Amino acid sequence: RRLPPCLTPLAEAVFSGDDQDPFREAAERVWAGVPWSGELLVAHADGTPVATEVSCAAVVDAGTPSLLLCVLVELGG
């Protein structure tokens, strides 16, 4: 199944440079029906990378993924 085209700009807007490809790879697995969680660096509003726990699952409608639901929790203080 093809990922929605919106995931590339999302990855670029949210994740730090080195973690954009790992997010896209995880999103492909999630879109195929395999939930995923891991630690990635999110770009803070000022550009500072922030360690974040990311958990994602596909929301399925009539047997077809309709959206990707991800929860991000900042690690540390």
Side-chain angles (χ1 to χ4, degrees):
R1 295 183 173 149
R2 293 192 67 210
L3 286 171
C6 64
L7 284 180
T8 294
L10 173 70
E12 293 169 358
V14 175
F15 296 98
S16 294
D18 290 343
D19 281 346
Q20 291 174 10
D21 285 338
F23 171 74
R24 281 190 282 266
E25 291 170 12
E28 287 175 7
R29 292 172 39 200
V30 171
W31 203 248
V34 180
W36 178 87
S37 65
E39 190 175 315
L40 296 173
L41 293 176
V42 169
H44 193 272
D46 66 4
T48 306
V50 178
T52 305
E53 176 72 26
V54 182
S55 299
C56 298
V59 175
V60 178
D61 182 27
T64 302
S66 58
L67 64 93
L68 187 69
L69 177 65
C70 294
V71 175
L72 287 71
V73 178
E74 186 176 327
L75 299 174

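Hydrogens, waters and symmetry mates play no part in the numbers below; they use all other heavy atoms, side chains included. For clarity, every value in this text was computed on a predicted model and none was experimentally measured.
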task = Taking all heavy atoms of A11 and all of Q20, pick out the closest pair and write down the distance.
result = O-CG, 3.4 Å
query = What is the minimum heavy-atom distance between A58 and P65, and which atoms define it?
reply = CB-CB, 4.3 Å
request  = Could you pull out all residues at least two apart from V50 that satisfy side-chain contact (heavy atoms from CB on, under 4.5 Å)?
outcome  = H44, T52, E74
hydrophobic_cluster_shared for L72 and L68, side chain cutoff 4.5 Å = yes
query = Considering all heavy atoms of both residues, which atom of R24 and which atom of E12 are nearest to each other, and what is their separation?
reply = NH1-CG, 4.2 Å
query = So, for P22 and L40, which heavy atoms are closest and what is the spacing to 0.1 Å?
reply = CB-CD2, 4.1 Å
inquiry  = Applying side-chain contact (heavy atoms from CB on, under 4.5 Å), can you list everything that pairs with L10, at least two apart in sequence or on another chain?
reply    = L7, V14, F23
key: Co-members of L41 in a cluster of I, L, V, M, F, W and Y side chains, linked at under 4.5 Å   = none
query = Could you give all pairs that pass the disulfide bond (SG atoms under 2.5 Å apart) test and reach residues 10-52, with sequence neighbours left out?
reply = none
task = Using the test side-chain hydrogen bond (donor to acceptor under 3.5 Å, both in side chains), find all partners of T48 that sit at least two apart in sequence or belong to another chain.
result = D46
ask   = For V59, which fellow cluster members are found when Ile, Leu, Val, Met, Phe, Trp and Tyr are connected by side-chain heavy-atom distances below 4.5 angstrom, either directly or through intermediates?
value = L67, L69
message = If you compare all heavy atoms of C56 against all heavy atoms of V54, which two are closest, and at what distance to 0.1 Å?
response = SG-CG1, 3.8 Å
key: Atom pair SG/CH2 of C70 and W36 - distance to nearest 0.5 Å   = 8.0 Å
